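Working notes for the structure below.
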Amino acid sequence: KNEVEQSPQNLTAQEGEFITINCSYSVGISALHWLQQHPGGGIVSLFMLSSGKKKHGRLIATINIQEKHSSLHITASHPRDSAVYICAVDTSGSRLTFGEGTQLTVNP
Amino acid sequence: EAGVVQSPRYKIIEKKQPVAFWCNPISGHNTLYWYRQNLGQGPELLIRYENEEAVDDSQLPKDRFSAERLKGVDSTLKIQPAELGDSAVYLCASSSTYARDYWEQYFGPGTRLTVT
């Protein structure tokens, strides 16, 4: 069993829909990261969370430390949001353990 | 400011051949990471440098992989000899332990390696 599990693996939505991507982990962590990867490989950091909730534009990330679970929400989704969204946990120092990613496709 | 630079972007080699990847991190970033990303999976750490010191290389297959960051700036990752299973995207990332966003890793575009 992977230390970081994401669901769903693939998600297709219509423009404007509210989207939720889930991440569960099985190890103790100091922080959890959400990243976005566009075709061609480029990865950008979206959030780092150690507790509670963070919001940036249409993106919202939450974490429940007790339940070892985090969610990434996208409000009013747009085709440009189409990408792979990756959850990663910081287990020791600077080592990140990554989930397999969720492929999101938003159709116009 | 330039981001993390990697070269080459694509490489196709035959098995048993050697290959090398180069990474230049963001200026001033003291931490450098090499990751391998197989198709449909998340990145896996191969090695992490703090300046010129490799502080985490536990997941580097040392029988065929080597890396160096001699002056604590740019880095080279080498595979010799390459195997079919080494086909993947090799990502370099950097961060600064002294910056306000110390937690954020900045990724390069990656090198896509195909071993035939």
Side-chain angles (χ1 to χ4, degrees), chain A residues 1-11 21-27 29-51 54 56 61 63 70 72 83-105, chain B residues 3-11 21 23 25-26 29-51 53-60 88-113:
Chain A
K1 188 180 192 305
N2 291 337
E3 292 179 335
V4 182
E5 298 272 356
Q6 287 187 235
S7 64
Q9 281 189 313
N10 294 282
L11 180 58
I21 299 170
N22 296 300
C23 175
S24 296
Y25 53 93
S26 58
V27 294
I29 68 170
S30 57
L32 182 143
H33 299 248
W34 282 102
L35 308 102
Q36 180 191 57
Q37 185 170 28
H38 279 284
I43 295 177
V44 295
S45 292
L46 298 175
F47 295 104
M48 185 205 50
L49 293 164
S50 53
S51 66
K54 285 190 176 179
H56 186 258
I63 188 169
S70 176
L72 177 68
V84 175
Y85 291 85
I86 304 173
C87 170
V89 298
D90 190 338
T91 55
S92 59
S94 298
R95 177 186 285 200
L96 292 181
T97 301
F98 293 78
E100 294 190 347
T102 295
Q103 172 69 62
L104 171 65
T105 303
Chain B
V4 176
V5 179
Q6 288 189 247
S7 68
R9 291 295 311 280
Y10 305 91
K11 189 74 177 178
F21 315 122
C23 172
I26 290 174
H29 280 193
N30 59 315
T31 306
L32 184 145
Y33 313 77
W34 282 105
Y35 293 94
R36 176 171 59 189
Q37 185 175 26
N38 293 311
L39 188 64
Q41 297 184 15
E44 293 178 298
L45 180 70
L46 293 173
I47 189 168
R48 174 169 66 95
Y49 283 94
E50 294 287 345
N51 301 303
E53 181 183 0
V55 296
D56 186 350
D57 64 355
S58 57
Q59 300 189 106
L60 187 73
V89 175
Y90 291 82
L91 294 162
C92 179
S94 70
S95 64
S96 172
T97 52
Y98 309 110
R100 184 176 179 183
D101 63 345
Y102 64 91
W103 52 269
E104 183 165 355
Q105 295 185 25
Y106 293 81
F107 286 81
T111 296
R112 183 175 297 277
L113 173 68

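Just so we're clear, the structure is a prediction, and the values are computed from it rather than from any experiment. Every chain is numbered from 1, with letters handed out A, B, ... down the list of sequences.
- Nearest heavy atoms, B:Q105 versus A:S45: O-OG, 3.5 Å.
- Residues A:Q37 and B:P43 have side chains not in contact (no heavy-atom distance under 4.5 Å, counting atoms from C-beta outward).
- Rounding to the nearest 0.5 Å gives a distance of 9.0 Å between CD of B:E104 and CG of A:L46.
- In this structure, B:F107 and A:L35 approach most closely via the heavy-atom pair CE1-CD2, 3.9 Å.
- Note: B:W103 and A:H33 have tilted aromatic rings, judged against thresholds of 30 and 60 degrees for the angle between ring planes.
- Residues meeting the side-chain contact (heavy atoms from CB on, under 4.5 Å) test with A:S24, sequence neighbours left out: A:H69.
- Residues satisfying the side-chain contact (heavy atoms from CB on, under 4.5 Å) test with B:V5, not counting sequence neighbours, are B:W22, B:N24.
- For A:K54, the NZ atom counts as densely surrounded, since its 6.0 Å shell holds more than 12 non-hydrogen atoms of other residues, nucleotides or ligands.
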